[in-house]
Amino acid sequence: MGEEHHLRPATIAARAGRPEAPGAGVNLPISMSSTFREGGEALYGRDDNPTWEAFESVLGSLEGGRCLAFGSGMAAISAVLETVPIGGTVVVAAGSYNGTRRWCADAAARGRIGVRLVDTTDARAAIAACDGAQLVWLESPTNPCLDLADLAAIAAGARAFGATVAVDNTLATPLLQRPLTLGADVVVHSVTKWLSGHSDLLMGAVVTADDALLEVLRSRRSLFGGIPGSVEAWLALRGLRTLPARLFRAQATAGELACRLAAHPAVSRVRYPGLPDDPGHALASAGCDGVVRSGGRTGRGRRRVCGVRGADARDEPRRHRDAHRAPRPVCLRGADAAVDAADERRAGGRGGPLGRSGPGPGRDCLGSVA
Ligand SMILES: Cc1ncc(COP(=O)(O)O)c(C=O)c1O
């Protein structure tokens with residue numbers, strides 16, 4: 001935990017973890033050593049790396065705890081789930097990321113743990129399921145369905161049963177939601193997504209204010225070797241520096257896309273927590289609406305658009321490589337690119353599936369988005 005907590009998140013993102021010595025570069029060099037000379041704190045590269053530590057200090061400050069970087073989001077998720085004792089029980093949000101659910105299904109099939117899948121949009125049912133569980137795994141908003149959970153209520157209920165509360169905060173990011181302040185014990189990130197933001201690396205992270213849990217997770221990371229590369233950590237830190245600018249711009253675009261899609265006759269349903277009729281709207285009003293997802297019909301059948309991504313803007317259909325993914329995001333593209341393309345098509349007289357069909361200039365739609 002740094003001493004930056006009184007600062008605004010955008011300031012922390014820009015400033016924390018920078019060298020302060022007179023004459024030092026404002027960015028740390030990438031540390032490429034596997035071994036460190038005796039006499040300092042670092043010894044071996046599977047346990048220590050100054051480049052990870054700079055990343056960790058920034059994300060830790062943003063989330064309000066102490067951070068450990070991992071080689072991927074799944075490595076971070078595995079480390080937390082591995083803390084459940086053999087024969088223990090995990091309550092898992094039924095809509096959570098498919099890799100998390102597959103990890104749990106695999107561990108359950110091997111008799112390692114018992115798993116209870118619950119609909120975490122129903123806080124009472126989720127809390128009731130925590131009786132006798134060691135860990136509750138929450139994700140809000142979920143990827144890809146954008147279901148929201150009342151984290152504070154479920155965390156309080158789960159802790160009353162003695163369960164540890166983990167929250168995958170990948171989609172919300174600490175700029176929109178800080179689960180540790182809502183009662184969670186540990187926060188998990190796929191740094192691969194928003195935090196790094198440019199689709200050029202895989203990385204993960206955990207953040208906790210519980211020192212004992214931190215040391216258990218540090219030990220898991222070292223024993224499994226699920227560490228990030230230092231180049232990835234450096235790039236992720238550079239991405240984190242611009243998270244506020246990227247996220248708030250994407251939110252504005254997502255809100256506009258949601259309005260355009262909601263008004264389009266070919267679209268049957270839009271899931272976007274910022275829209276007043278979305279089931280997650282009440283919770284989203286507390287500050288979670290950075291992504292957009294829609295379902296609709298086109299001439300080629302059902303398509304879904306999912307706005308969980310970096311700053312790049314691919315316009316390609318993404319192949320459905322993983323049979324376990326459901327529902328499947330068929331078309332992933334940058335939200336900005338989608339709006340720009342629609343505007344271009346309209347300017348060219350061809351119209352388009354996302355053309356401005358709302359009550360006026362597209363940006364007016366944002367007035368109805370929380
Ligand atoms: C919400 C969420 N959590 C975890 C992961 C896994 O992260 P990674 O792909 O970095 O292992 C993902 C990946 O898409 C995700 O969307």
Side-chain angles (χ1 to χ4, degrees), residues 9 62-65 77 80-81 84 89-98 100-101 104 115-190 193-194 206-210 213 247 251 254-255 258 269-293 308 368-370:
L62 286 170
E63 286 284 11
I77 288 167
V80 175
L81 288 169
V84 177
T89 298
V90 185
V91 173
V92 184
S96 55
Y97 173 62
N98 79 81
T100 309
R101 286 183 281 114
C104 291
V115 176
R116 295 177 194 154
L117 284 181
V118 293
D119 173 4
T120 49
T121 63
D122 180 345
R124 285 172 66 168
I127 293 167
C130 294
D131 192 0
Q134 282 71 43
L135 179 75
V136 54
W137 190 276
L138 304 172
E139 187 179 313
S140 180
T142 57
N143 178 16
C145 287
L146 300 189
D147 288 328
L148 268 70
D150 186 339
L151 297 184
I154 300 174
R159 289 179 76 151
F161 281 119
T164 299
V165 180
V167 176
D168 185 330
N169 204 29
T170 297
L171 264 64
T173 85
L175 297 191
L176 298 181
Q177 171 173 279
R178 301 207 313 155
L180 298 182
T181 66
L182 300 173
D185 296 287
V186 58
V187 175
V188 178
H189 278 283
S190 171
K193 307 296 182 319
W194 278 116
V206 300
V207 187
T208 179
D210 177 333
L213 181 57
L247 182 68
Q251 272 191 292
R269 187 173 179 220
V270 177
R271 283 299 314 272
Y272 178 68
L275 292 175
D277 60 350
D278 190 271
H281 184 70
L283 286 167
S285 303
C288 214
D289 60 349
V291 281
V292 60
R293 178 171 181 276
V308 184
S368 64
V369 177

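Because only heavy atoms are used, hydrogens play no part in the values below, and waters and symmetry mates are left out as well, while side chains stay in. Just so you know, residue 1 is the first one in the sequence shown, and it goes up from there. Computed from a predicted structure; not experimentally measured.
- Rounding to the nearest 0.5 Å gives a distance of 7.0 Å between CG of Leu148 and CD of Gln177.
- Applying the salt bridge (Lys or Arg N to Asp or Glu O under 4.0 Å) test to Asp168 and every residue at least two apart in sequence or in another chain returns nothing.
- Residue pairs meeting the salt bridge (charged side-chain N to carboxylate O under 4.0 Å, His left out) criterion with at least one member in residues 140-149, sequence neighbours excluded: Asp147-Arg271.
- Looking at every heavy atom in both residues, Ala209 comes nearest to Gly64 through CB-O, 4.3 Å.
- Thr173 pairs by the side-chain contact (heavy atoms from CB on, under 4.5 Å) definition with Leu175, Trp194, Leu195, Leu243, Leu247, not counting sequence neighbours.
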(request) Test Leu81 against Leu135 for side-chain contact (heavy atoms from CB on, under 4.5 Å), laying out the working first. (result) CA-CA 8 Å; Leu81 288 169; Leu135 179 75; 3.6 Å; yes
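- Looking at Ile154, Val118, Leu182 one by one, the single match for side-chain contact (heavy atoms from CB on, under 4.5 Å) with Leu138 turns out to be Ile154.
- Residues satisfying the salt bridge (Lys or Arg N to Asp or Glu O under 4.0 Å) test with Asp150, not counting sequence neighbours, are none.
- Applying the side-chain contact (heavy atoms from CB on, under 4.5 Å) rule to Ala133 yields the partners Thr89, Val91, Arg116; only residues at least two apart in sequence or on another chain are considered.
- Counting all heavy atoms, side chain and backbone alike, Ala184 lies closest to Ala155 at N-CB, 4.2 Å.
- In this structure Arg124 satisfies the salt bridge (Lys or Arg N to Asp or Glu O under 4.0 Å) test with no other residue, sequence neighbours excluded.
- Under the side-chain contact (heavy atoms from CB on, under 4.5 Å) test applied with Asp185, the options Val165, Val167, Val136, Val80 reduce to a single match, Val165.
- Legend: residues meeting side chain to side chain donor-acceptor pair (under 3.5 Å) with Thr142, ordered by chain and number and at least two apart, are absent.
- With sequence neighbours excluded, the residues satisfying side chain to side chain donor-acceptor pair (under 3.5 Å) with Asp119 are Thr121.
- For the pair Ala158 and Cys130, the tightest heavy-atom approach, listed with the atom from each and the gap, is CB-SG, 3.7 Å.
- Looking at every heavy atom in both residues, Arg159 comes nearest to Gly183 through NH1-O, 2.8 Å.
- In terms of heavy-atom proximity, Cys104 sits nearest to Val92 at SG-CG2, 3.7 Å.
- Taken from CG in Asp278 to OH in Tyr272, the straight-line distance is 10.0 Å, to the nearest 0.5 Å.
- Nearest heavy atoms, Pro179 versus Glu63: CD-OE1, 3.5 Å.
- Residue pairs satisfying the salt bridge (charged side-chain N to carboxylate O under 4.0 Å, His left out) criterion with at least one member in residues 131-146, sequence neighbours excluded, are absent.
- Interatomic distance, Thr170 OG1 to Ile77 CD1, rounded to the nearest 0.5 Å: 6.5 Å.
- Ser96 pairs by the side chain to side chain donor-acceptor pair (under 3.5 Å) definition with nothing, not counting sequence neighbours.
- To the nearest 0.5 Å, the span separating CG on Leu151 from CG on Asn169 amounts to 8.0 Å.
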